[in-house]
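Structure first, then comments.
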Amino acid sequence: MPWSMMFSWNSVLDFVRVAVEFLLIAFVIYKILYYLRGTRAVNVLAGLVVGGLMLYLIADFLEFTVVRWLLDGFMSLMAFTIIVIFQPELRRAFAQLGSYMFFRRNRKKETIHELVAAVNSMASRRCGAIIAIERRIGMRAIVDDAVKLDCKLSNLLIQSIFYPNSPLHDGAVIIRNERIVAARAILPLSREVNLSRTMGTRHRAALGITEETDAVVVVVSEETGDISIACRGAIMRGLSGNSLENELNKLLLSNDEAADTLTDILGNLDEPEGKVNFHGDEEPIQSSQHPEDK
């Protein structure tokens, strides 16, 4: 191989290595700043960086030898200073990292438990609700048109969102990675012509979004208090709290991407067209309203 070609390949490899290293450092810095956003620690970090930079520029401009020597010594101790100042944030970050790596399944179970508790409470009070849980196929377009949130899912939070006097109770709640990312979201109605004309708009909206994505949608009927679950264009109605939790565990905790078939969701279907399995009373449709209105 000619020396010129070897030199060219070495130059390309060096460039790729430097580019990857630069992107890795930039990614780490971005993640650190993103994690510290909205905390007191980010203000402390900004003060340290700005104050140190200004002191160094002044000392360099005015040739303050002692001040520069002190700043150089302080920079060598910066690692220990960061550990002391950001100790709470570092502890929380490592705790979350360990939780993500080893206890993700337990977190999903906890989320399902909180969701089922909220649904049971709303069903007993006949408080209408529709909750879409995002999986592999994203719902970014719907989230962008909704009221964006970023909060941990909890029983009381779900109930407060769908409380009748709440400004966010109209529309659906979108859940992504065990967090509520949007409320007051408008879901598309199902275009299936063979559905019962007495099926309500919440249930049609649940079927509509599951026909376009692989989301799992939980619905509470405002008319009857019935609990329903929809996935892959099929819906099961009249569920109890235990049945709902079992279905969510099968759909959200399974590692098999092909496990969420109609058979897994509905079992033995009673309807010949295989689209909907009805249990309990049906909610009347009001076509003039939005998908999540009663």
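None of the values given here were measured: they were computed from a predicted structure.
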> Can you name the nearest heavy-atom pair linking Phe162 to Gly171, along with the distance?
Replying inline: CE2-O, 3.5 Å
> Does Ile229 belong to the same Ile/Leu/Val/Met/Phe/Trp/Tyr cluster as Leu253, with side-chain heavy atoms less than 4.5 Å apart forming each link?
Replying inline: yes
> Does the side chain of Pro188 come within less than 4.5 Å of Ile209's, by heavy atoms?
Replying inline: yes
>> Please report the interatomic distance CG(Asn155) to OG(Ser160), rounded to the nearest 0.5 Å.
In response: 9.5 Å
> Do you know which of Val173, Val143, Leu153 makes side chain to side chain contact (heavy atoms under 4.5 Å, CB included) with Val181?
Replying inline: Val143
>> As a test of understanding, state which of Asp145, Asp170, Ile174 forms a side chain to side chain contact (heavy atoms under 4.5 Å, CB included) with Arg184.
In response: Asp170
>> For a side-chain contact (heavy atoms from CB on, under 4.5 Å) check, start with the C-alpha distance between Ile131 and Val119, then their side-chain angles and the critical distance, and finish with the verdict.
In response: CA-CA 9 Å; Ile131 304 165; Val119 169; 4.3 Å; yes
>> Give me the atom names and distance for the closest heavy-atom approach of Ala206 to Ile130.
In response: N-CD1, 4.0 Å
>> Using side-chain contact (heavy atoms from CB on, under 4.5 Å), reason through Cys231 and Lys250 one step at a time and then give a plain yes or no.
In response: CA-CA 12 Å; Cys231 185; Lys250 288 192 296 183; over 6 Å; no
>> Has Asp214 got a side-chain atom pairing as donor or acceptor with Arg136's backbone, closer than 3.5 angstrom?
In response: yes
>> Tell me if the CZ atom of Arg140 is crowded by more than 12 foreign heavy atoms within 6.0 Å.
In response: no
>> Please find the pair of heavy atoms, one from Leu252 and one from Lys108, that lie closest to each other, and give the distance.
In response: O-NZ, 3.5 Å
> Any side-chain heavy atom of Ile180 within less than 4.5 Å of one from Ile158?
Replying inline: yes
> Where do Ala183 and Ala146 come nearest, in terms of heavy atoms and distance?
Replying inline: O-CB, 3.3 Å
> According to the salt bridge (charged side-chain N to carboxylate O under 4.0 Å, His left out) rule, which pairs have a member within residues 46-57, sequence neighbours left out?
Replying inline: none
>> Before you tell me yes or no, could you show the steps for Lys152 and Arg179 under side-chain contact (heavy atoms from CB on, under 4.5 Å), namely the whole-Å CA-CA distance, both residues' side-chain angles and the distance that decides it to 0.1 Å?
In response: CA-CA 5 Å; Lys152 181 180 179 182; Arg179 298 183 67 84; 4.2 Å; yes
> Is a side-chain donor or acceptor of Ser190 paired with a backbone partner of Gly208 at a separation under 3.5 angstrom?
Replying inline: no
> Going from OG1 on Thr224 to CZ on Arg237, what distance comes out if it is rounded to the nearest 0.5 angstrom?
Replying inline: 6.5 Å
>> Connecting only ILVMFWY residues whose side-chain heavy atoms lie within less than 4.5 Å of each other, what is the rest of Leu53's hydrophobic cluster?
In response: Leu57
> If you round to the nearest 0.5 Å, how far is CG of Leu251 from CD1 of Ile133?
Replying inline: 8.5 Å
>> So which atom in Thr213 and which in Gly138 form the shortest heavy-atom distance, rounded to 0.1 Å?
In response: CG2-O, 4.3 Å
>> Tell me whether Ile58 shares a hydrophobic cluster with Phe61, the cluster being built from Ile, Leu, Val, Met, Phe, Trp, Tyr side chains joined at under 4.5 Å.
In response: yes
>> Looking at Leu189, is its backbone amide N or carbonyl O close enough to the side chain of Arg204 to form a donor-acceptor pair, meaning the two atoms are under 3.5 Å apart?
In response: no
>> If the condition is salt bridge (charged side-chain N to carboxylate O under 4.0 Å, His left out), which residues does Arg125 pass it with, not counting sequence neighbours?
In response: none
> Which atom names give the shortest non-hydrogen contact between Ser221 and His203, and what distance separates them?
Replying inline: CB-CE1, 4.1 Å
> Any chain of hydrophobic side-chain contacts (each under 4.5 Å) joining Val147 to Ile161?
Replying inline: yes
>> Applying side-chain contact (heavy atoms from CB on, under 4.5 Å) to Glu245 and Ile112, what does each step give before you reach the verdict?
In response: CA-CA 7 Å; Glu245 188 166 3; Ile112 292 173; 4.0 Å; yes
> Given Gln159, which of Ser121, Ser166, Ser154 fulfils the side-chain hydrogen bond (donor to acceptor under 3.5 Å, both in side chains) condition?
Replying inline: Ser121
> When hydrophobic residues are tied together by side-chain contacts of less than 4.5 Å, even through go-betweens, does Ile227 share a cluster with Tyr163?
Replying inline: no
>> Just verifying a value: how many Å separate Ile175 CD1 and Glu134 CD, rounded to the nearest 0.5 Å?
In response: 10.5 Å
>> Please tell me whether Val216 and Ile137 are part of a single hydrophobic cluster in this structure, the criterion being side-chain heavy atoms less than 4.5 Å apart.
In response: no
>> Quick check for you: to the nearest 0.5 Å, what is the distance between Leu187 atom CG and Ile142 atom CD1?
In response: 5.5 Å
> About how many Å separate CE of Met139 and CZ of Arg176, when rounded to the nearest 0.5 Å?
Replying inline: 7.5 Å
